[in-house]
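Presented below is the structure to which this report refers.
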Amino acid sequence: MKRRQFSLSAASFGTVSALGLAIASPALAQGKPPKEGSDYIALEKRAATDAPAGKFEVIEFFWYNCPHCFAFEPAFETWKKNAPKDVVVRRVPVSFRDDFLPQQKLYYALEALGKTEELHPKVFRAIHADRVPLGTDAQIIEWAVKQGLDKKKFTDTFNSFAVVTQARRASQLQDAYKIEGVPAIGIAGRYYVDGTLAGSMDRALQITDYLLAGLRKSG
């Protein structure tokens, strides 16, 4: 989902997302390596990474309200679970506008409380399947309580300095990768790929594997 598309309906994007994920990846299937500049982008200036020495960081940039991200989530979760041991996988919620901040804070609050694995996919389902509005602090806190979280503990975490700082860092990282739409993937602070460049997000994951292999060979 590109920035200019945010005014379009979620329903129409859900359809496009599902189709986009099904597109084949002919270049890789035919043995043709992806091309920098057309299939993926090499960053002019490296972005900061949190991966320890000898490991490669892969970031999924997402927005909970984005139907493309909802459609991509199962495929990315499968890829994440099967990622090689030298790959550190992170999710980073984007903020293209000020009103994205509550959902950034939601993600990092869940992470701080150790509830990401359980509730991250439920946020997507609440928004896109159940049509629950989760755009404001009050709506998010109410939803979190319904999931069994203690209201005071969640609210304190949600509004904490640590969570707000993480949200600010997420926006800085989004800018470092020059993210223009989601879902998108950042690789090792060096490369960027999304469904528009790759042709589909399935192929974007294949390109991610290709780029990681190249980084391993180069040392």
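From a predicted model like this one, the values you see are computed outputs, not experimental measurements.
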Inset, instruction - Taking the side chain as every heavy atom from C-beta outward, state whether R190 and L215 have any pair of such atoms under 4.5 Å apart. - result: yes
Legend entry - Considering all heavy atoms, the nearest V145-K151 contact: CG2-CB, 3.6 Å
Inset, instruction - Would you check if E73 and F62 make a side-chain contact, meaning some heavy-atom pair closer than 4.5 Å? - result: no
Legend entry - Sole candidate of F70, Y107, Y108, F76 that passes ring-ring contact (aromatic ring centres under 6.0 Å, His included) when paired with H120: Y107
Inset, instruction - Kindly say whether T157 contributes a backbone atom to a donor-acceptor pair with the side chain of K105 at under 3.5 angstrom? - result: no
Legend entry - Same cluster (ILVMFWY, side-chain, under 4.5 Å), V92 and V88: no
Inset, instruction - State, to 0.1 Å, how close P183 and C69 come at their nearest heavy-atom pair, and which atoms those are. - result: N-SG, 3.6 Å
Legend entry - Shortest non-hydrogen separation from L134 to A126 and the atoms involved: CD1-CB, 4.2 Å
Legend entry - Heavy-atom side-chain contact between L110 and E118 under 4.5 Å: no
Inset, instruction - Establish, yes or no, whether a centroid distance under 6.0 Å links the rings of Y192 and Y40. - result: no
Legend entry - Donor-acceptor contact present, side-chain E57 to main-chain G189, <3.5 Å: no
Legend entry - T196 side, atom OG1; M201 side, atom CE - distance, nearest 0.5 Å: 9.5 Å
Inset, instruction - Could you give me the CA-CA distance, side-chain angles and deciding distance for V182 and H68, then say whether side-chain contact (heavy atoms from CB on, under 4.5 Å) is met? - result: CA-CA 7 Å; V182 287; H68 290 304; over 6 Å; no
Legend entry - Closest contact, heavy atoms only, R216 versus P84: NH2-CG, 3.4 Å
Legend entry - salt_bridge(E77, R91) N-O dist < 4.0 Å: yes
Inset, instruction - Would you name the heavy atoms of S171 and Q104 that are closest together and state the gap between them? - result: OG-NE2, 3.3 Å
Inset, instruction - Starting from the C-alpha separation in whole Å, work towards a yes-or-no answer on side-chain contact (heavy atoms from CB on, under 4.5 Å) for V94 and Y177. - result: CA-CA 11 Å; V94 300; Y177 272 98; over 6 Å; no
Inset, instruction - Side-chain contact test, heavy atoms from C-beta onward, threshold under 4.5 Å: evaluate it for P102 versus Q139 and give yes or no. - result: no
Legend entry - Shared hydrophobic cluster for F158 and V164 (ILVMFWY, side-chain gaps under 4.5 Å): no
Legend entry - Rounded distance [0.5 Å steps], CD in Q174 versus CZ in R169: 14.5 Å
Inset, instruction - Nearest 0.5 Å please: distance from the NZ atom of K122 over to the CD1 atom of I127. - result: 14.5 Å
Inset, instruction - Have a look at L173 and tell me which of D50, I59, T49 forms a side chain to side chain contact (heavy atoms under 4.5 Å, CB included) with it. - result: I59
Inset, instruction - Dump the intermediate steps for side-chain contact (heavy atoms from CB on, under 4.5 Å) on T165 and R168, then the final yes or no. - result: CA-CA 5 Å; T165 299; R168 187 180 304 116; 4.0 Å; yes
Inset, instruction - Grab the two heavy atoms, one from A184 and one from I179, that are nearest each other, plus how far apart they are. - result: CB-CD1, 4.1 Å
Legend entry - CG on D194 to CD1 on I41, rounded to 0.5 Å: 7.0 Å
Legend entry - Within-4.5 Å side-chain heavy-atom neighbours: F154 and I140: yes
Inset, instruction - Show your reasoning for whether salt bridge (Lys or Arg N to Asp or Glu O under 4.0 Å) applies to R90 and E111. - result: CA-CA 11 Å; R90 293 173 58 199; E111 192 172 68; over 6 Å; no
Legend entry - Side chain to side chain, D86 and F56, heavy atoms closer than 4.5 Å: yes
Legend entry - pair Y191-I207: side-chain heavy atoms closer than 4.5 Å: no
Inset, instruction - Would you give the length of the straight line joining atom CZ of F100 to atom CG of L106, rounded to the nearest 0.5 angstrom? - result: 14.0 Å
Inset, instruction - Indicate yes or no: does D39 engage K32 in a salt bridge with an N to O separation below 4.0 Å. - result: no
Inset, instruction - Group every Ile, Leu, Val, Met, Phe, Trp and Tyr by side-chain heavy-atom contacts under 4.5 Å, then state whether W63 and L101 land in the same group. - result: no
Inset, instruction - Walk me through it: do Y210 and I187 pass the test side-chain contact (heavy atoms from CB on, under 4.5 Å)? - result: CA-CA 11 Å; Y210 170 85; I187 301 112; over 6 Å; no
Inset, instruction - Inspect the surroundings of CG in D130 and state if more than 12 heavy atoms from other residues, nucleotides or ligands are less than 6.0 Å away. - result: yes
Inset, instruction - Supply the atom-to-atom distance S160 OG to Q166 CD, rounded to the nearest 0.5 angstrom. - result: 8.0 Å
Legend entry - Beyond-backbone contact of L119 with L149, side-chain heavy atoms, under 4.5 angstrom: yes
